[in-house]
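Quick notes on the structure that follows.
Counting starts at 1 for both ligands and their atoms, following the listed order. All of these numbers come straight from a predicted model, not from anything done at the bench. For reference, positions follow the sequence shown, starting with 1.
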Amino acid sequence: MDKILVHGGHPLNGTVRVSGSKNSALPILAAALLTRQPCVISNVPDLSDINYMLQILSHLGAHVERASGVVRIEAEKLKTEAPYEIVRKMRASVCVLGPLLGREREATVSLPGGCVIGDRPIDLHLKGFEALGAVSRIEHGNVKLFAKELRGATVNLRGKQGPTVLGTDNVMMAAVLAEGTTVIESAAAEPEVVDLANFLNKMGAKIEGAGTRRIVIEGVPELHGAEHEVIPDRIEAGTYLVAGAIMGGDVMLRRVDPTHLGALIDALRQSGYAIEVGTGTLRIKGHPSPTPVQLTTEPYPGFPTDMQAQMCALLSQTSGISVISETIFPQRFMHVSELKRMGADISLDGHTAIIKGVEKMSGAPVMASDLRASAALVLAGLRADGVTEVNRVYHIDRGYESIDEKLNQLGARIERMKA
Ligand code: EPU
């Protein structure tokens, strides 16, 4: 297994180009199954999660070609079953359920298990499909869906922890080919949901309200091929902003949509960092004495759960007491014990982390447990004394395109050791 060695203490300055959004690209690639005609998706990041999704689409019968960030998918004929061997690698595989149900009126996909960030149920996805007239069964570890016909309906997708992003995507993808009108209440409003709706509308769907809590979908008999460019990855962008903050450097992000990063920009400004917002650019300048902050993760436009671990790394080295409450995935704190091994002073009280900033952390061998946790460990290592050895970096390769190269371009010293 590859590992990453982060040599701490090298200042960061310069420009970094943000890649296309993983969490937009995954459902958009799956949505290409909704038509027999070719779809061309650009700005697709080169990540292992994207590779898994393309493997699943190929398995389902789609013809997939990929070159320099552009993916062409033609799904003339489809199989409706995605087996465990390929689905188990990535929870987002569930987003083929909606397109298969929409187009073929049936789907069998291996049920995703939980993961280190907590229990990952799909009850709300199933609630939405059932509202449209599908029957669902769990059998031999698979979720099976079938429907004689799909009819528009009103469904509320609010769960205990708020709206569901992939659940909203999935129901939207099934409803575009249902008869009549579907209304999704308490829909997720994340930019990735809007990006998917924009792509579906280019394919001939009739979706209004994406980006609000109420999405209205007028079913159409069929969709056609379309071209689409995936939006920039707001979480990758946020991670590099936090890298700039940790090192007190002057870091400019290119090809970013600053409107998607409002909550993070507010939090960093509150802590004292100067952030300049341009058209498609963001620039952070360090602050000699940042102040602690209190944050609660919330559905968009609130502070994103996918930036919580990276903020823990920053606030661990920010003098004073910061507090982060995690409301989306209350158990998503696997990075805390690893940050503590590097000298962080963090205590957990239920779903809240109380972080006492320390002067200096020290490099140590640490274990990446999930994607954002691994990013947090790399960020902490940038400033820590000595060398931080991040093991199990396959987690980071799931969601960050060339993170070592991008940080090295900014002045970091990161080595990747091949297994
Ligand atoms: N939930 C349910 N029932 C469901 C679905 C979700 O109770 O049927 C709960 C979840 O357990 C969680 C909350 O609802 O407590 C929100 O989960 P959501 O469904 O929104 O998460 P997701 O759609 O599975 C996406 C991202 C995650 C991101 C979350 C929240 C993708 C591929 N994944 O997951 O991204 O954390 O939304 O914003 O889009 C990451 O990129 O590192 C990542 C984990």
Side-chain angles (χ1 to χ4, degrees), residues 19-31 45 47-50 52-53 56 87 89-98 111-131 136 138 143 155-173 184 186-196 213 230-231 233-239 260 263-264 297-310 326-332 334-335 351 368-376 395-401:
S19 300
S21 160
K22 164 180 85 80
N23 290 349
S24 256
L26 289 170
I28 285 174
L29 294 169
L47 302 169
S48 55
D49 270 11
I50 298 290
Y52 297 140
M53 178 56 80
I56 294 169
V87 167
K89 295 183 182 152
M90 182 183 62
R91 199 190 168 275
S93 321
V94 291
C95 58
V96 299
L97 279 171
L111 197 61
C115 68
V116 287
I117 69 173
D119 194 19
R120 309 280 303 263
I122 60 161
D123 55 311
L124 297 167
H125 302 228
L126 300 183
K127 178 183 174 190
F129 295 143
E130 285 166 8
S136 73
I138 308 291
V143 50
V155 60
N156 189 312
L157 288 186
R158 187 178 176 81
K160 263 197 313 214
Q161 263 76 40
T164 162
V165 175
L166 289 179
T168 302
D169 289 346
N170 245 338
V171 177
M172 203 160 65
M173 289 190 280
I184 305 179
S186 303
E190 270 65 5
E192 295 76 18
V193 175
V194 178
D195 203 25
L196 172 65
R213 292 273 171 254
V230 172
I231 57 170
D233 195 310
R234 65 191 166 104
I235 305 301
E236 189 205 19
T239 303
H260 295 163
L264 176 66
T297 63
E298 285 169 343
Y300 188 82
F303 192 89
T305 173
D306 291 342
M307 284 302 305
Q308 182 256 107
Q310 302 89 314
E326 172 59 66
T327 70
I328 310 290
F329 293 108
Q331 302 161 43
R332 193 179 199 174
M334 296 291 283
H335 44 284
H351 61 88
S369 56
D370 77 78
L371 172 57
R372 308 305 170 187
S374 3
H395 285 295
I396 214 163
D397 294 332
R398 288 186 36 220
Y400 289 90
E401 203 174 49

Exercise. Does a donor on one side chain and an acceptor on the other come within less than 3.5 Å for H335 and Q308?
Worked result: yes
Exercise. Is the backbone N or O of A187 less than 3.5 Å from a side-chain atom of R213, with the two atoms forming a donor-acceptor pair by type?
Worked result: yes
For this session: Would you check whether R91 reaches within less than 4.0 Å of ligand 1, judged by its heavy atoms?
Result: yes
For this session: Look only at interatomic distance and state if D123 has a nitrogen or oxygen under 3.5 Å from any nitrogen or oxygen of ligand 1.
Result: yes
Exercise. Which atoms of ligand 1 have any heavy atom of H125 under 4.0 Å away?
Worked result: 8 (O)
For this session: Answer with yes or no whether E326 contacts ligand 1, where contact means a heavy atom under 4.0 Å from a ligand atom.
Result: no
Problem set entry | Any donor-acceptor pair under 3.5 Å from R91 side chain to R120 backbone | yes
Problem set entry | N/O separation below 3.5 Å, P121 to ligand 1 | yes
For this session: Please could you name the atoms of ligand 1 that T305 approaches to less than 4.0 Å, counting only its heavy atoms?
Result: 30 (C), 36 (O), 38 (O)
Exercise. For S48, does its backbone N or O pair with a side-chain atom of D397 as donor and acceptor, under 3.5 Å?
Worked result: no
Problem set entry | Enumerated ligand 1 atoms positioned under 4.0 Å from heavy atoms of K22 | 40 (C), 41 (O)
Exercise. At what distance is the nearest protein heavy atom to atom 19 (O) of ligand 1, and which residue and atom is it?
Worked result: T164 OG1, 2.6 Å
Exercise. Tell me: protein heavy atom nearest atom 15 (O) of ligand 1, and distance?
Worked result: I328 O, 2.6 Å
Exercise. Any idea which atoms of ligand 1 are less than 4.0 Å away from a heavy-atom of Q161?
Worked result: 13 (C), 15 (O)
Problem set entry | Under 3.5 Å donor-acceptor, E326 side chain and F329 backbone | yes
Exercise. Is L166 close to ligand 1, meaning an N/O of one under 3.5 Å from an N/O of the other?
Worked result: yes
For this session: Check whether any heavy atom of A92 sits under 4.0 Å from an atom of ligand 1.
Result: yes
For this session: Would you check the N or O atoms of G167, main chain and side chain alike, for any that come under 3.5 Å of an N or O of ligand 1?
Result: no
For this session: Would you check if the side chain of Q310 reaches a backbone N or O of D306 as a donor-acceptor pair within less than 3.5 Å?
Result: yes
For this session: Kindly state if atom 32 (C) of ligand 1 has a protein heavy atom within a strict 4.0 Å cut-off, that is, under 4.0 Å?
Result: yes
Exercise. Hey, does P163 sit under 4.0 Å from ligand 1 if you only count heavy atoms?
Worked result: yes
Exercise. Between Q161 and T327, does any side-chain donor sit less than 3.5 Å from a side-chain acceptor?
Worked result: no
Seminar exercise, completed: atom 34 (O) of ligand 1 sits nearest the protein heavy atom R120 NH2, 3.5 Å
For this session: Report the nearest protein non-hydrogen atom to atom 17 (O) of ligand 1: residue, atom name, distance rounded to 0.1 Å.
Result: F329 CZ, 3.8 Å
For this session: Return yes or no for this condition: an N or O of E190 is under 3.5 Å from an N or O of ligand 1.
Result: no
Problem set entry | Closest approach of any protein heavy atom to atom 26 (C) of ligand 1, naming residue and atom | N23 ND2, 3.6 Å
Exercise. To which protein heavy atom is atom 36 (O) of ligand 1 closest, and what is the distance rounded to 0.1 Å?
Worked result: D306 OD1, 2.6 Å
Exercise. Does any N/O atom on V165 come nearer than 3.5 Å to any N/O atom on ligand 1?
Worked result: yes
Exercise. At a 4.0 Å threshold, what atoms of ligand 1 neighbour a non-hydrogen atom of L371?
Worked result: 42 (O)
For this session: Check R332, H395, M307, M334 against R372 for a side chain to side chain contact (heavy atoms under 4.5 Å, CB included) and give me the one that passes.
Result: R332
Exercise. Does the N or O separation between L124 and ligand 1 drop below 3.5 Å for any pair?
Worked result: yes
For this session: Considering heavy atoms of the protein only, find what lies nearest to atom 44 (C) of ligand 1 and give residue, atom and distance to 0.1 Å.
Result: R332 NH2, 3.5 Å
For this session: Pick out which of V171, V143, T164, L157 makes a side chain to side chain contact (heavy atoms under 4.5 Å, CB included) with H125.
Result: T164
Exercise. Do we see a donor-acceptor contact under 3.5 Å between the side chains of S93 and Y52?
Worked result: no
Exercise. Do the side chain of S24 and the main chain of D195 share a donor and acceptor less than 3.5 angstrom apart?
Worked result: no
Exercise. Can any side-chain N or O of D49 pair as donor or acceptor with the backbone N or O of M90 at less than 3.5 Å?
Worked result: no
For this session: Only one of L26, V94, L196, I28 passes side chain to side chain contact (heavy atoms under 4.5 Å, CB included) with D169; say which it is.
Result: L196
Exercise. Just how far is it from atom CD1 of I50 to atom CZ of R398, taken to the nearest 0.5 Å?
Worked result: 11.0 Å
Exercise. If every non-hydrogen atom of C95 is compared with every non-hydrogen atom of A30, which pair is closest and at what distance?
Worked result: O-CB, 3.5 Å
Exercise. Does E192 have a heavy atom less than 4.0 Å from any atom of ligand 1?
Worked result: no
For this session: Quick one: look at Y300 and ligand 1, take heavy-atom pairs under 4.0 Å, and tell me if it's side chain, backbone, both or neither.
Result: neither
For this session: Please check if any side-chain donor atom of S186 sits under 3.5 Å from a side-chain acceptor atom of N156, or the reverse.
Result: yes
Problem set entry | atom 42 (O) of ligand 1 [closest protein heavy-atom partner, distance rounded to 0.1 Å] | R372 NE, 2.9 Å
